[in-house]
Amino acid sequence: MCGLEYRGYDSCGFAIKDNSKIGLKKTKGKINLLKTTTRPGAYFTLGIAHTRWATHGVPSFINAHPHHDCKKKIFVVHNGIIENYRELKAYLKKKHHRFCSDTDTEVIPHLIEEFSKRHSFFEAFLKTVNMLKGSFAISAITSSEDALFFARKDSPLIMGVAKEGFILASDIPAITPFTKNIVHIKDGWVGRISRDKFEMFNFKGKKVRAAAEKTDISLGAATKQHYAHFMLKEIYEQPHVCARLYSFYVHNTRIEFKDLNMDIKFLKSLKRIFIFACGTAYHAGFVAKYFLEKICDIEVEIDVSSEARYRRFKLGPDDLVLAISQSGETADTIAALREAKKRKAKIVGVCNVLGSTITTESDGLIYTLAGPEIGVASTKAYTAQVFSLLLFSLHLAYLRKSISTAFFKQCLSELRSVSKHHKTILKNAASIKKIAKRFSRFGCFLFLGRGINYPSALEGALKLKEISYIPAEGYPAGEMKHGPIALIDEYRAVVCIAPRGELYSKIVSNIQEIKARKAKVLAIVEEKDREAQSLADAAIHIPSTKYSQISPLLVALPLQLFAYFVAKNLGCEIDQPRNLAKSVTVE
Ligand code: F6R
């Protein structure tokens with residue numbers, strides 16, 4: 001259970017079977033609270049556990065999982081949302097079932113209990129699963145059988161096959177300490193695990209073949225090592241991630257995407273690309289939009305997945321969709337991808353987790369190779385997405401002959417240097433820490449950028465707000481005069497992203513306008529910068545690049561470190577910010 005706490009942490013609990021008795025423990029809050037109430041050294045062979053991110057009902061003892069039936073013989077944990085739980089609850093209440101929580105989940109053990117009156121436990125479980133609408137990864141135990149039952153629909157679930165037994169989990173990093181043999185349970189499968197075997201079926205009860213595969217995720221990758229937080233460790237991994245991506249995709253001066261699975265003719269004649277993603281992944285896609293438009297001479301439309309899925313885009317077989325997601329399990333992005341698939345668009349998943357829903361449902365894949373990301377605030381996965389997408393844009397531009405060979409080579413060499421530049425930025429962390437201390441007293445931040453660094457401003461603001469809870473807004477700097485400048489006075493802090501490039505003089509003017517209204521300015525500038533720096537109250541330097549369009553890859557690191565140190569100064573829970581979860585598998 002500890003390995004999965006980053007997926008939700010407002011309450012938790014477990015149920016374990018000891019002979020025919022099932023014991024239940026749960027609590028509001030994090031797992032360490034549960035540990036203090038648990039007998040050390042307790043031995044058991046069958047159990048289920050859960051960490052919760054509240055959807056129905058406040059975080060509380062009552063709403064924490066596992067949930068049980070009337071007789072406390074059937075216990076269930078569930079991720080996802082049961083959309084028809086109101087109807088099911090009304091039906092069960094008529095049959096005299098008593099409920100104690102506000103959750104949608106609680107209908108599940110009661111339905112199994114109801115159907116168990118006339119069916120075997122497995123038949124009752126299967127019947128229940130078929131009545132549920134919505135998304136679910138469920139596992140259940142009962143006092144009457146020495147087995148664990150599970151089902152999956154639109155919520156992630158995997159099974160580890162270890163020497164000592166079997167483990168079910170939502171995510172691979174949770175089980176790599178025990179085994180690297182993983183069965184990817186497919187959508188629409190149910191199963192039963194007993195002491196020494198497992199069986200899987202489709203929802204009609206027909207047996208399906210499931211085999212274990214070896215995962216390459218190492219235990220080291222999912223531990224904090226000597227870092228104070230996963231977020232800090234993951235920030236420091238970025239030079240390695242970029243170097244790894246470069247050597248994976250670039251061979252001499254050739255870019256090769258082996259799993260792209262797209263016809264060259266299709267890529268050459270492509271007129272439009274649609275990008276769907278959420279949160280930080282959306283910001284990575286936004287950077288890619290600027291780059292693709294600039295060098296590929298192509299129309300790029302981008303939207304957050306939760307909006308995209310309900311929009312009536314003109315989308316068809318001639319279009320390419322990039323579905324970007326670290327986890328590959330984000331419900332909104334999966335829904336947008338499925339909508340695009342219905343309309344026969346070609347889908348490329350840009351994803352960090354092999355075997356995730358997005359990788360299995362896409363036609364092609366750009367694997368982002370960042371390694372497991374545990375900190376809830378995305379850092380290395382963002383850089384990996386931007387880096388892979390810039391490589392993809394270059395590949396496309398090369399195929400379409402929309403750039404010269406000299407430019408292609410120059411860009412490649414700039415991308416190869418990113419890892420070195422990251423190391424330089426990280427060496428400067430102590431000075432970013434000092435600046436963050438000075439700026440921690442501000443109650444409101446604006447992040448400004450222009451062109452390809454407008455998305456960087458959005459991402460900088462998101463990082464700060466999600467881990468420090470300070471209101472922060474990202475804006476295109478040129479838009480200030482159309483409204484947001486009304487916010488500016490001596491009590492505001494403004495982070496201006498001002499690397500050199502075609503819009504440099506414009507952002508310098510924007511800094512002047514802000515200074516004229518007395519706000520405090522922190523500028524992110526290149527090493528040799530004079531102008532922007534001379535206007536600002538503080539400056540963080542990034543190495544200079546010949547081609548300014550790759551600067552988002554550099555700017556990201558100071559923005560992440562700044563957010564990290566501000567949050568640390570304020571004593572915030574950096575790896576597990578309030579109200580958030582790492583994988584958002586509900587809509
Ligand atoms: C913010 C953050 C989120 C995710 C978003 C999408 O730091 O991590 O905004 O980027 O929830 O998640 P994935 O990339 O897994 O689809």
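Indexing begins at 1, ligand by ligand and atom by atom, following the structure's order. Because only heavy atoms are used, hydrogens play no part in the values below, and waters and symmetry mates are left out as well, while side chains stay in.
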Within the 4.0 Å heavy-atom shell around [X], which atoms of ligand 1 are there?
X    : result
A377 : 7 (O)
K463 : 1 (C), 7 (O)
Q326 : 13 (P), 14 (O), 15 (O), 16 (O)

Query raised in the report: Can you find a side-chain donor-acceptor pair between N79 and S170 that sits under 3.5 Å?
Result: yes
Query raised in the report: Which bit of E329 gets closer than 4.0 Å to ligand 1, counting heavy atoms only: side chain, backbone, both or neither?
Result: neither
For [atom], what's the nearest protein heavy-atom neighbour? Residue, atom name and distance, please.
atom                    : answer
atom 15 (O) of ligand 1 : S327 OG, 2.6 Å
atom 10 (O) of ligand 1 : T280 N, 3.1 Å
atom 16 (O) of ligand 1 : T330 OG1, 2.4 Å

Query raised in the report: With a distance cut-off below 6.0 Å to the six-membered ring centre and an angular limit of 45° from the axis, does R492 pair with F445 as a cation-pi contact?
Result: no
Query - Ring-face cation of K520 near F442 (centre distance under 6.0 Å, axis angle within 45°) - result: no
Query raised in the report: Are D104 and K133 close enough for a salt bridge, meaning some N to O gap below 4.0 Å?
Result: no
Query raised in the report: What do you reckon, does V376 put a non-hydrogen atom under 4.0 Å from ligand 1?
Result: yes
Query raised in the report: With respect to S378, which candidate in E234, H283, Q326, E373 satisfies the side chain to side chain donor-acceptor pair (under 3.5 Å) definition?
Result: E373
Requested in this report: Could you tell me whether F286 and Y454 have their ring centroids closer than 6.0 angstrom?
Outcome: yes
